[in-house]
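Letters A, B, ... are given to chains in the order of the sequence lines, protein chains preceding strands, and every chain is numbered from 1.
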Amino acid sequence: MMKCKQATRLMSLKQDRPLTRRERLSLRLHLTMCGACRACERQFSLLHRAGERYRPDDEDEPSPRG
Amino acid sequence: MIEHSDSPRPGADRRRRLAAVRPRLVSFALMHLRDRTQAEDAVQEALAAALEKDDSFGERSGYETWVFGILKHKILDAMRVQKRQGRWTPLEDDDTDDAIERQFHRDGHWNPEARPRGWGEPEAAFESEHFWRVFDACMIGLPDNLARVFSLRELMGLSTDDICQTVGIKENNCWVMLHRARLRLRACIERGWLEEDTP
């Protein structure tokens with residue numbers, strides 16, 4: 001069974017490139033058993049969306065920068 | 001602002017829009033360059049270029065988007081200069097990061113006090129001034145290299161392949177840095193966002 005630290009590595013990688021089938025399966029297995037890692041994955045994905053919001057060219061969205 | 005007497009004056013409306021977007025451009029540049037002077041310079045160059053090319057832009061919508069596109073190129077130029085000046089050092093393989101080691105037990109599981117918690121609905125966070133203050137503070141607190149790689153990836157939307165070429169690091173190193181940046185940010189934001197949720 002993969003450890004949480006290793007799982008966060010795959011969650012992070014997932015934001016940057018498609019995971020291999022093996023990586024995807026082992027991450028999914030870990031996430032079904034670990035609530036803390038599920039929360040971490042939601043946080044990484046929120047960070048990704050926050051980055052998109054941060055760009056000053058996002059005219060359709062209300063500006064987070066005031 | 002730079003003016004050329006032989007070029008037509010951009011409309012007052014354009015100037016107002018540039019002045020309004022300027023603080024956001026500076027803070028965006030600062031996230032990447034980690035140097036206020038360089039960030040101000042990059043924004044100044046982008047604004048000057050925008051005023052010069054104002055005619056070619058015409059009347060299309062999305063003026064801010066267009067100016068921001070110019071700024072991105074200026075930031076990437078400045079980062080290439082930083083790279084030539086040796087301000088970029090890849091992580092060593094045996095390099096450990098205490099801020100991350102503290103989040104995990106030796107056995108690789110979360111430390112109880114570092115276990116990630118729910119942050120509520122993302123939309124609610126994005127609507128909150130407090131969230132963005134915490135986000136900014138946590139970004140500023142990141143080590144320079146981690147912050148630059150994270151900014152290029154998540155704020156500018158470059159692929160890790162493009163990042164490697166821009167700053168001259170190996171893709172694997174880039175993934176390691178992004179992993180560390182995200183773990184540090186999540187811990188920092190969680191502290192600021194959930195535990196000090198007072199103005």
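Distance check, rounded to the nearest 0.5 Å: OG of A:Ser12 to CE of B:Met177 gives 12.5 Å. Considering CZ of B:Phe126 and CD of A:Glu52, their distance stands at 8.5 Å, rounded to 0.5 Å. The CZ atom of B:Arg117 sits 13.5 Å away from the SG atom of A:Cys40 when rounded to the nearest 0.5 Å. In this structure, CH2 in B:Trp119 is found 11.0 Å from CZ in A:Arg42, a value given to the nearest 0.5 Å. We find the CD1-NZ distance between B:Ile100 and A:Lys5 to be 7.5 Å, quoted to the nearest 0.5 Å.
Counting non-hydrogen atoms of other residues, nucleotides and ligands closer than 6.0 Å to CZ of A:Arg38 gives a total above 12. The number of heavy-atom neighbours closer than 6.0 Å to CD of B:Glu121, taken from other residues, nucleotides and ligands shown, is 12 or below.
For B:Phe28, the parts lying near chain A are the backbone and the side chain together; criterion is any non-hydrogen pair under 4.5 Å. Proximity to chain A (any heavy atom under 4.5 Å) is shown, for B:Leu71, by neither the backbone nor the side chain. In this structure, no portion of B:Glu171 lies under 4.5 Å from any heavy atom of chain A. B:Asp107 touches chain A through its backbone: at least one of N, CA, C or O sits under 4.5 Å from a heavy atom, while the side chain does not. Both the backbone and the side chain of B:Trp110 come within contact range of chain A, with heavy atoms under 4.5 Å apart. Looking at B:Met156, only its backbone comes within 4.5 Å of chain A, counting heavy atoms on both sides.
Under the salt bridge (Lys or Arg N to Asp or Glu O under 4.0 Å) criterion, A:Arg9 pairs with no residue at all, not counting sequence neighbours.
Annotation: side chain of B:Arg182 is not in contact with side chain of A:His48 (no heavy-atom distance under 4.5 Å). Two residues are said to be in side-chain contact when any heavy atoms from C-beta on lie closer than 4.5 Å; B:His179 and A:Leu13 fail this criterion. No side-chain heavy atom of A:Lys3 sits under 4.5 Å from any side-chain heavy atom of B:His105. Looking at heavy atoms from C-beta onward, A:Arg17 lies in side-chain contact with B:Trp175 at the 4.5 angstrom threshold.
Taking A:Asp16, A:Leu46, A:Leu47 one by one and counting their heavy-atom pairs under 4.5 Å with chain B, the maximum is reached by A:Asp16. For the set B:Pro23, B:Gly118, B:Ser151, B:Pro122, the count of heavy-atom pairs under 4.5 angstrom toward chain A peaks at B:Pro122. The candidate from A:Ser45, A:Cys37, A:Ala7 with the greatest count of non-hydrogen atom pairs under 4.5 Å with chain B is A:Cys37. Heavy-atom pairs under 4.5 Å with chain A peak, among B:Thr160, B:Leu25, B:Leu183, B:Val67, at B:Leu183.
Annotation for B:Ser27 and A:Tyr54: closest pair OG-OH, 3.2 Å, computed over non-hydrogen atoms.
B:Met139 and B:Trp193 fall within the same hydrophobic cluster, where Ile, Leu, Val, Met, Phe, Trp and Tyr residues are linked whenever their side-chain heavy atoms come under 4.5 Å apart, directly or through other members. Residues B:Val167 and B:Leu142 are members of one and the same hydrophobic cluster, defined by side-chain heavy-atom contacts under 4.5 angstrom among Ile, Leu, Val, Met, Phe, Trp and Tyr. When the side chains of ILVMFWY residues are joined at heavy-atom separations under 4.5 Å, either directly or via intervening members, B:Leu146 and B:Ile169 end up in a single hydrophobic cluster. Placement of B:Phe131 and A:Phe44 within a single hydrophobic cluster is found when ILVMFWY residues are connected by side-chain heavy-atom separations under 4.5 Å, directly or transitively. Residue B:Ile189 is grouped with residue B:Leu155 when hydrophobic side chains (ILVMFWY) are merged at heavy-atom distances under 4.5 angstrom, including chains of intermediate members.
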Before you tell me yes or no, could you show the steps for A:Arg49 and B:Glu154 under salt bridge (Lys or Arg N to Asp or Glu O under 4.0 Å), namely the whole-Å CA-CA distance, both residues' side-chain angles and the distance that decides it to 0.1 Å? CA-CA 8 Å; A:Arg49 290 176 58 192; B:Glu154 300 285 39; over 6 Å; no

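A salt bridge is defined here as a Lys NZ or Arg NE, NH1 or NH2 lying under 4.0 Å from an Asp or Glu carboxylate O, and B:Glu123 with A:Arg53 meets this definition.
Applying the disulfide bond (SG atoms under 2.5 Å apart) test to residues at least two apart or on different chains, none of the pairs has a partner in residues 20-54 of chain B.
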